[in-house]
Amino acid sequence: VQLQASGGGLVQAGGSLRLSCAASGRTFSGYYMGWFRQAPGKEREFVAAITWSGGSTYYADSVKGRFTISRDNAKSTVYLQMSSLKPEDTAVYYCATDLRRYGSSWSVAGSWGQGTQVTVSS
């Protein structure tokens, strides 16, 4: 599966952005999808995940209540709606497929997208 992320940009604190991740190639179906992010000088961290059906979602504590993950399987696309953005949300955001959960940790068994930059100014 190839993933193409888009929708990043520069936004003021308190603003909103919606990221999209379009999948192509092998089937999109049956897998958890999700988003990670990596800020300068920091490790990549889990942000959000969604089951194949979209019936269950999971979030990092730092974004819970502000970010919403969703998916449209007919369009093979997963979204991340980000609201009430903070400067500490500044990072490169990566979408991924076939996420696996191990306790409170998440890893990626599938593909990574190329990343999209989100910059939140104070």
Side-chain angles (χ1 to χ4, degrees):
V1 178
Q2 289 77 47
L3 304 174
Q4 181 71 38
S6 61
L10 173 64
V11 64
Q12 289 189 332
S16 299
L17 280 176
R18 188 176 83 152
L19 306 183
S20 299
C21 177
S24 61
R26 196 164 57 91
T27 180
F28 177 76
S29 65
Y31 297 111
Y32 280 51
M33 298 289 295
W35 293 90
F36 288 72
R37 67 185 181 185
Q38 187 167 18
K42 295 188 177 181
E43 293 187 353
R44 192 172 298 189
E45 64 175 3
F46 168 77
V47 175
I50 187 167
T51 56
W52 152 241
S53 67
S56 294
T57 55
Y58 307 85
Y59 297 95
D61 288 343
S62 58
V63 307
K64 204 170 293 183
R66 301 187 298 120
F67 290 12
T68 302
I69 188 170
S70 61
R71 66 191 292 169
D72 184 339
N73 290 333
K75 296 182 178 180
S76 297
T77 301
V78 62
Y79 305 97
L80 186 68
Q81 177 68 48
M82 306 184 295
S83 303
S84 302
L85 283 161
K86 305 175 181 180
E88 51 263 43
D89 294 318
T90 295
V92 178
Y93 284 71
Y94 299 88
C95 59
T97 183
D98 196 6
L99 273 69
R100 307 289 176 89
R101 186 181 186 187
Y102 301 93
S104 60
S105 300
W106 291 85
S107 65
V108 174
S111 303
W112 291 94
Q114 87 287 4
T116 185
Q117 177 71 48
V118 171
T119 302
V120 184
S121 64
S122 58

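Heavy-atom basis, side chains included; hydrogens, waters and symmetry copies ignored. Keep in mind the model is a prediction, meaning the values are calculated, not measured.
The side-chain tip of Arg44 points at the ring of Tyr94 from less than 6.0 angstrom away and within 45° of straight on.
Atom OG of Ser107 is separated from atom CG of Asp98 by 8.5 Å, given to the nearest 0.5 angstrom. The distance from the CE atom of Met82 to the OG1 atom of Thr68 is 11.0 Å, given to the nearest 0.5 Å. In this structure, the separation between CG on Leu19 and CH2 on Trp35 is 4.5 Å, given to the nearest 0.5 Å. Atom OG in Ser122 sits 9.5 Å away from atom CD in Gln12 (nearest 0.5 Å).
The closest donor-acceptor contact from the side chain of Gln114 to the backbone of Gln4 lies at 3.5 Å or more, if one exists at all. No donor-acceptor pair under 3.5 Å is formed between the side chain of Thr57 and the backbone N or O of Ile69. For Asn73 (side chain) and Ser53 (main-chain N/O), no donor-acceptor pair under 3.5 Å exists by modelled atom type. Judged purely by atom type and a 3.5 angstrom limit, Ser83 has no side-chain atom pairing as donor or acceptor with the backbone of Ser16.
Residues Val118 and Arg37 are not in side-chain contact: their nearest non-hydrogen atoms beyond the backbone lie 4.5 Å or more apart. Contact annotation: the side chain of Ile50 never approaches that of Tyr79 to less than 4.5 Å [non-hydrogen atoms, C-beta and beyond]. With a 4.5 Å cut-off on side-chain heavy atoms, Arg66 and Asp89 count as touching. Residues Leu99 and Tyr31 have side chains not in contact (no heavy-atom distance under 4.5 Å, counting atoms from C-beta outward). Contact annotation: the side chain of Cys95 never approaches that of Met33 to less than 4.5 Å [non-hydrogen atoms, C-beta and beyond]. Tyr32 places none of its side-chain heavy atoms less than 4.5 Å from the side chain of Arg101.
Considering every non-hydrogen atom in both Gln117 and Val92, the closest pair reads OE1-CG2, 3.2 Å. Between Ala96 and Trp112, the shortest heavy-atom distance links the atoms CB-CE3, 3.9 Å. The two residues Val108 and Thr97 come nearest to each other via the heavy atoms CG1-O, 3.6 Å. Nearest heavy atoms, Gly7 versus Thr116: N-OG1, 4.1 Å. Here the closest heavy-atom approach between residue Val1 and residue Ser111 is recorded as O-OG, 2.8 Å. Here the closest heavy-atom approach between residue Trp52 and residue Arg71 is recorded as CA-NH1, 3.3 Å.
Using a 4.0 Å cut-off between a side-chain N of Lys or Arg and a carboxylate O of Asp or Glu, Lys64 and Asp61 qualify as a salt bridge.
Ring centroids of Tyr58 and Trp106 are separated by less than 6.0 Å, placing the two rings close together.
If you chain together hydrophobic residues whose side chains sit under 4.5 Å apart, Val47 and Leu17 fall into the same group. In the hydrophobic cluster analysis, where Ile, Leu, Val, Met, Phe, Trp and Tyr join through side-chain heavy atoms closer than 4.5 angstrom, Phe46 is grouped apart from Leu3.
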